[in-house]
Amino acid sequence: MSRLTLVQAVQDALREAMRKDERIILLGEDIGKNGGVFRATDGLFEEFGEHRVIDTPLAESGIIGASVGLAVNGLRPIPEIQFMGFIYPAFEQMISHVARIRMRSQGRYSVPMVVRVPFGGRIRAPELHSESTETFFAHTPGLTVVAPSSPYDAKGLLLAATESEDPVVFLEPMRIYRAFREEVPEGWYTVPLGKAAVVKEGADVTVIAWGTMLRETLDVVSRVEAAQGVSIEVIDLRTLSPWDEDTVFESVVKTGRAVVVHEAVGQLGLGAEIAARISEECILQLEAPVARVSSFDVPTPLFAVEDLHAPTPERITAGIEKVLTF
Amino acid sequence: MSRLTLVQAVQDALREAMRKDERIILLGEDIGKNGGVFRATDGLFEEFGEHRVIDTPLAESGIIGASVGLAVNGLRPIPEIQFMGFIYPAFEQMISHVARIRMRSQGRYSVPMVVRVPFGGRIRAPELHSESTETFFAHTPGLTVVAPSSPYDAKGLLLAATESEDPVVFLEPMRIYRAFREEVPEGWYTVPLGKAAVVKEGADVTVIAWGTMLRETLDVVSRVEAAQGVSIEVIDLRTLSPWDEDTVFESVVKTGRAVVVHEAVGQLGLGAEIAARISEECILQLEAPVARVSSFDVPTPLFAVEDLHAPTPERITAGIEKVLTF
Amino acid sequence: MARPVEQVKRASNQLHAAENKPGDISDAALVEMYRQMVMVRQFDRRCVALQRAGRMGTYPPCEGQEACQVGVANALRPQDFLFPTYRDSGAVMLHGVPMERLMLYWNGRPEGAVIPDDVNVFPMAVPIATQLPHAMGAAWAAKLRGVDQVALGLFGDGASSEGDFHVAMNFAGVFHVPAVFFCQNNQYAISVPLSRQTASETIAQKAQAYGFEGVRVDGCDVIAVYRAVKAAVEKAAQGGGPTLIEALTYRYGAHTTSDDPTKYRTAEETDTWRKRDPIPRLQEQLRAWGLWDDEQENACLTEADALVSSAIAAMEAAPTPPPEKMFDHIYKEPTAKLQRQRDELLAMLERRKQAELEQGAAARTEGGKQ
Amino acid sequence: MARPVEQVKRASNQLHAAENKPGDISDAALVEMYRQMVMVRQFDRRCVALQRAGRMGTYPPCEGQEACQVGVANALRPQDFLFPTYRDSGAVMLHGVPMERLMLYWNGRPEGAVIPDDVNVFPMAVPIATQLPHAMGAAWAAKLRGVDQVALGLFGDGASSEGDFHVAMNFAGVFHVPAVFFCQNNQYAISVPLSRQTASETIAQKAQAYGFEGVRVDGCDVIAVYRAVKAAVEKAAQGGGPTLIEALTYRYGAHTTSDDPTKYRTAEETDTWRKRDPIPRLQEQLRAWGLWDDEQENACLTEADALVSSAIAAMEAAPTPPPEKMFDHIYKEPTAKLQRQRDELLAMLERRKQAELEQGAAARTEGGKQ
Ligand SMILES: Cc1ncc(C[n+]2csc(CCOP(=O)(O)OP(=O)(O)O)c2C)c(N)n1
Ligand SMILES: Cc1ncc(C[n+]2csc(CCOP(=O)(O)OP(=O)(O)O)c2C)c(N)n1
Ligand SMILES: [Mg+2]
Ligand SMILES: [Mg+2]
């Protein structure tokens, strides 16, 4: 056990997985000597050498397209995309091939790979470094989309992802890469894909969040509970697609109210699907329409104002109050 | 007035627009001598010449990326993407530039362009020729997304799109390119962007559809009305983003029930957003959860089974019955 | 590095001279390549005919390009990995995919997409040039794993304009992988001629941007194609890195059965290329070299016809696949949601069957009344 | 076409010889380019320092590349259209964007993104290579409209690997547009050296794949850069089509202020390049040619310092923009939804202000009690 940050937990998971499975190779921009722009791969080049930790030319469609060939030919690539806003050159490869090779070949080929992608905003980065476009991938059948919110989960989910026979888009919340430390067990353990976690039990309303927003939501929740004498259940969705309807519905059936919080913009953010599904399945228990608290429906602005673009504590509070007082 | 098919109406609109506005140029693959793989640009090369109807090399990111430069430098490009499944190489240009240049330059530059994209399935085409991924664009602030369902609207909406100062993704339902004819006025007229049409009034339930699904939905609706003695309102959404909440909400407030029908897969299809918004805004009038009838959540299969992938009359009927009998 | 096209053409015209009988290819292999070209052409023509008769979906014919298809397939070893496009039914079947499987595929049948386990062929790429990074990656995996295997990606002249062509070539050069990139330059991308595709004189010379060799061959000469690919495969297998091959060829037919080539090509141009038809050309050569006669020709045509006919029969006899198969192979294990949707589909089909039965019964009753 | 790098370096070393004083560039212009390089360096260093002090966001320095920045900007005519990257603050300001605007931009302030109406500069591209199709398109528009205008796209060595580089170059070749593609080959893409970026010997030679000329210049020699760009611009303006220019240069500092170059570069290597520093080099030349002395040098430094300082002051004095501006310029006319969200933001900010006031009042009361 040691106390690790989220980015250290990612690194630890990569090391663990590479030690266990010789087929695993890492590839991406600046992941070798430089250890990645966020240092997620620091030290791995030294330990595993240049044939397993590979700096590629600057071309995301090459990184992902080559990973398809690597994966069907016996390796287990873990490509890194430097920032979520830079995965778009690889979009065709992601949508038309990565997500579909199993289906296109009727099971003959599969492309087990974990595409690691730092995501989210509010790190005072330049333009286009602050994307939360998980919708693009969650709308695409064949992909598994994961977003941890803590060091423990980051390691466990990443190790689970390396065991998956399906391609996983692994979204790492860069704002909390180094925000806090947590006990992370040494060695191998997994946190199952496809399972949400009830991180805090409560009776009056269910709040669903993931990634960076999870802890910010927990902070708000404890303040609202204290101020209003209510009890709030908080779910960390963890896997965004296919997501854990059972855990969500069970909670909402109990509480009768739901709020979804995310950093993506509102229109067709994942909150839309969750709200629609809850309304379909829990209508008889639902005492208020599901509230969505999201970034405003404009592209992430330059960083002087980006904090106001994402859900603020006030807006999360308002979302919770809205469903409580409906 | 003449009776035109939808693809003829598109062609008529392009001709009209090019005659009126010298800044308009068309560019894309096979749109010149060949008149486009769907013949949407037939005859335009002959009328306007090779400097206004331009065959490009085979590279979608070049077509869209160059269109950005053309648009900021005084022209009005109307790029054609051959099939929706082939816009992905241009995805980065669409998301990071086309949608954002106005914002990135704080209004100094804009990129008025109409990106024409045949979409939808069920024309017995090979793999990847049957995409309905309007979500990718509707989730992206800055883009206007339009999908006509008839020849009249196709011409009117396309002419309106050529007048827009914002980039428009113009989705043409290829399954009904030649399915039927309709009176289409000669000369210039527009159908406003951002406005849905109540194509059939009714009292008991509101059904929302667009593109190819609209007429298929109308057929089902008349059969359900006849069989069950109910009265159904049908809305053609026409503009998918920013979509016309007022018309939709007004109708649902009246009928108390809503069904959304689309060819995109269910998860995070536009139906999710519409259902979520209706649930937020019309909760007090809503007598049943909003139903969504969509393609199943798998990539479009090869064409022997694709008809069963999309909403069938039975499933549309079931969706309507579900909300009626809730 | 790349010879101009005129030179290539001139060289080709002397190919049937007796002294040009290859010393490096056995008589049997020459004859076999001929048979294969005939078979591929038969297959191709029958697919077009089936499509016209409404018995097959859109089909992209490769007639005219058989020397490329056959030359490539014969130069590959069984362990080599082929990354084809939609136009490469010939190479695909020669590398091991059963003919009827291909026909099912072009008929929109999911089971047609199944490639036998021991056949190293990737699903045909539909989005242009996207298979080239795959080929690069597969070759890279072979290199990293120390396996004796080469990956060959097929592509068209038009594909050389896409970003993925560039990216794949560049990666291949940097990582010096055992890959062969084989361009069938058939002069057109649908209607767009090469002059509108690139201002570069040849496609072969584009290899200079990536630090490896580009060669140009007469794509109507199966022997030339075979030799060029064999040399590139051997070089790759021996650690010599990738090669770009540009083969000059032509498709005689339409881009696909939905296309009308008279809109953008002249009859004269097509005729000129027909004169270089790879099949009569090799036949002449074989005859000149004493390896072929009328009897063999007739037997060969009959055999090809029988093969293709039996594949068509097999395709048409294949039972319609259960539509709920569409939910398989999305994820390794079907998700709960997909299982639910599968049940929904099955229930709907059941109701549809019931409704049809009832309608049928009603119709029969009606009929009885009259 | 492209000279090997050693040759380029040798040539450079003789540049301050008296007989090399350019006949084609006026003394005033030479001196002006020197002043500009000094100013750009000052700007750059101050931005880095501001970032370190927490007074600016992440900044990508261009120190070492001033000859490129200045040479390019001076060779452009006012009507020519510049498509820069994040590393091109120098060229951007010299083509007309006020210095404090740039500083605001790097400070994350939306009003920093505003380019004056009469200045033909595009927003700096952040996604690598995406600006090159834009430059191609703008050049194409100029050609189609018959306007005397050239578009110049700046990019890095790493950018040559992206699909958009290829696509833009290929389009430019096919449509023979008045574009100049200027590569600042500073040997690294963040940490990745050129040898890992491409197996091609030079970037200039990649132009052969597109049917136009590629040239290589010493990117530490402002005169060479200026001449090469000027020639390319003139050629383009006269209908001669596009040119690819590769300038050999080096960034002395980090990739951005978040980067640590000691992880991937040796001190020796950096020192070697420092010896070719474009600023002392031109200074030596100017002195050798009798155009510069200590007094001028001091005045120049003081002037640059004053300019930059006043830009910083302006930047820091600029009022914080109202955050609700984030809803402007998304669409020409704000949508109903955006107006609603704007109101939501304003209401929230109002409540926040109230809450802060109340807290302040409470704190004061608390304070009073103690
Ligand atoms: C990304 C993408 N864009 C467009 C298409 C439509 N399309 C199919 S084939 C084709 C032309 C391809 O030309 P070429 O590469 O020369 O191959 P050929 O068909 O001549 O064999 C086009 C434009 C596609 N399949 N994929
Ligand atoms: C599409 C994309 N991928 C990755 C990045 C992250 N990134 C920013 S700069 C850079 C290196 C660029 O190198 P080069 O083109 O040589 O330009 P330089 O920074 O050296 O001026 C990378 C990888 C990006 N901005 N865009
Ligand atoms: Mg071709
Ligand atoms: Mg560089």
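Owing to the predicted nature of the structure, the values given are computational and were not obtained by experimental measurement. Here is the naming used below: chain letters follow the sequence lines, and residue numbers restart at 1 for every chain.
Remark: B:Lys254 NZ is packed, more than 12 non-hydrogen atoms of other residues, nucleotides or ligands lying under 6.0 Å away. Heavy-atom contacts from other residues, nucleotides or ligands closer than 6.0 Å to NZ of B:Lys195 number 12 or fewer. Remark: B:Glu22 CD is loosely packed, at most 12 non-hydrogen atoms of other residues, nucleotides or ligands lying under 6.0 Å away.
Shortest non-hydrogen contact noted between D:Arg145 and B:Gly74 is NH1-CA, 4.1 Å. Heavy-atom minimum distance, B:Leu70 versus D:Ala141: CD2-N, 3.6 Å. When all heavy atoms are compared, the tightest approach of D:Val119 to B:Tyr109 is O-OH, 3.6 Å. The shortest heavy-atom contact between B:Ala59 and D:Val167 is CB-CG2, 3.8 Å. For the pair D:Pro133 and B:Ser61, the tightest heavy-atom approach, listed with the atom from each and the gap, is CB-O, 4.3 Å. The nearest pair of heavy atoms linking D:Phe122 to B:Val68 is CZ-CG1, 4.0 Å.
With hydrogens and angles disregarded, a donor-acceptor distance shorter than 3.5 Å links the side chain of D:Tyr331 to the backbone of B:Leu143. Of the possible donor and acceptor atoms, one in the side chain of B:Arg108 sits under 3.5 Å from a partner among the backbone N and O of D:Pro116. With B:Asp166 contributing its side chain and D:Lys332 its backbone, the two residues share a donor-acceptor pair below 3.5 Å.
Of the charged side-chain nitrogens involved, at least one lies within less than 4.0 Å of a carboxylate oxygen, so that B:Glu245 and D:Arg340 count as a salt-bridged pair.
Residues B:Glu92 and D:Thr130 have side chains in contact (heavy-atom distance under 4.5 Å, counting atoms from C-beta outward).
B:Ser164 does not touch chain D: none of its heavy atoms, backbone or side chain, sits under 4.5 Å away. For B:Ser67, no part lies near chain D; criterion is any non-hydrogen pair under 4.5 Å. Of the atoms belonging to B:Arg277, it is side-chain heavy atoms, and not backbone ones, that fall under 4.5 Å from chain D. At a 4.5 Å heavy-atom cutoff, the contact between B:Asp55 and chain D is made by backbone atoms alone.
The CZ atom of B:Arg104 sits 5.5 Å away from atom OH of D:Tyr105, with the distance rounded to the nearest 0.5 Å. Here the straight-line distance linking atom CZ of B:Arg100 with atom NE2 of D:His329 works out to 16.0 Å at 0.5 Å rounding.
B:His97 and D:Gln131 share no side-chain donor-acceptor pair at under 3.5 Å. No hydrogens or angles considered: nothing links the side chains of B:Gln106 and D:Asp328 as a donor-acceptor pair under 3.5 Å.
Interface remark: of the candidates D:Val114, D:Val174, D:Ile115, D:Thr335, D:Ile115 forms the most heavy-atom pairs closer than 4.5 Å to chain B. Highest contact tally toward chain B, considering only D:Asp117, D:Leu132, D:Val126, is held by D:Asp117 [criterion: heavy-atom pairs under 4.5 Å]. Among the candidates D:Glu111, D:Met136, D:Gln149, the residue making the largest number of heavy-atom pairs closer than 4.5 Å to chain B is D:Gln149. Per-residue counts of heavy-atom pairs under 4.5 Å with chain B were compared for D:Gly163, D:Ala113, D:Ala168; the largest is that of D:Ala113. Most heavy-atom pairs under 4.5 Å with chain D, from the set B:Val111, B:Ile64, B:Thr56: that is B:Thr56.
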Legend entry - Stepwise side-chain contact (heavy atoms from CB on, under 4.5 Å) check, B:Ile54 with D:Trp140: CA-CA 12 Å; B:Ile54 308 173; D:Trp140 199 6; 3.7 Å; yes
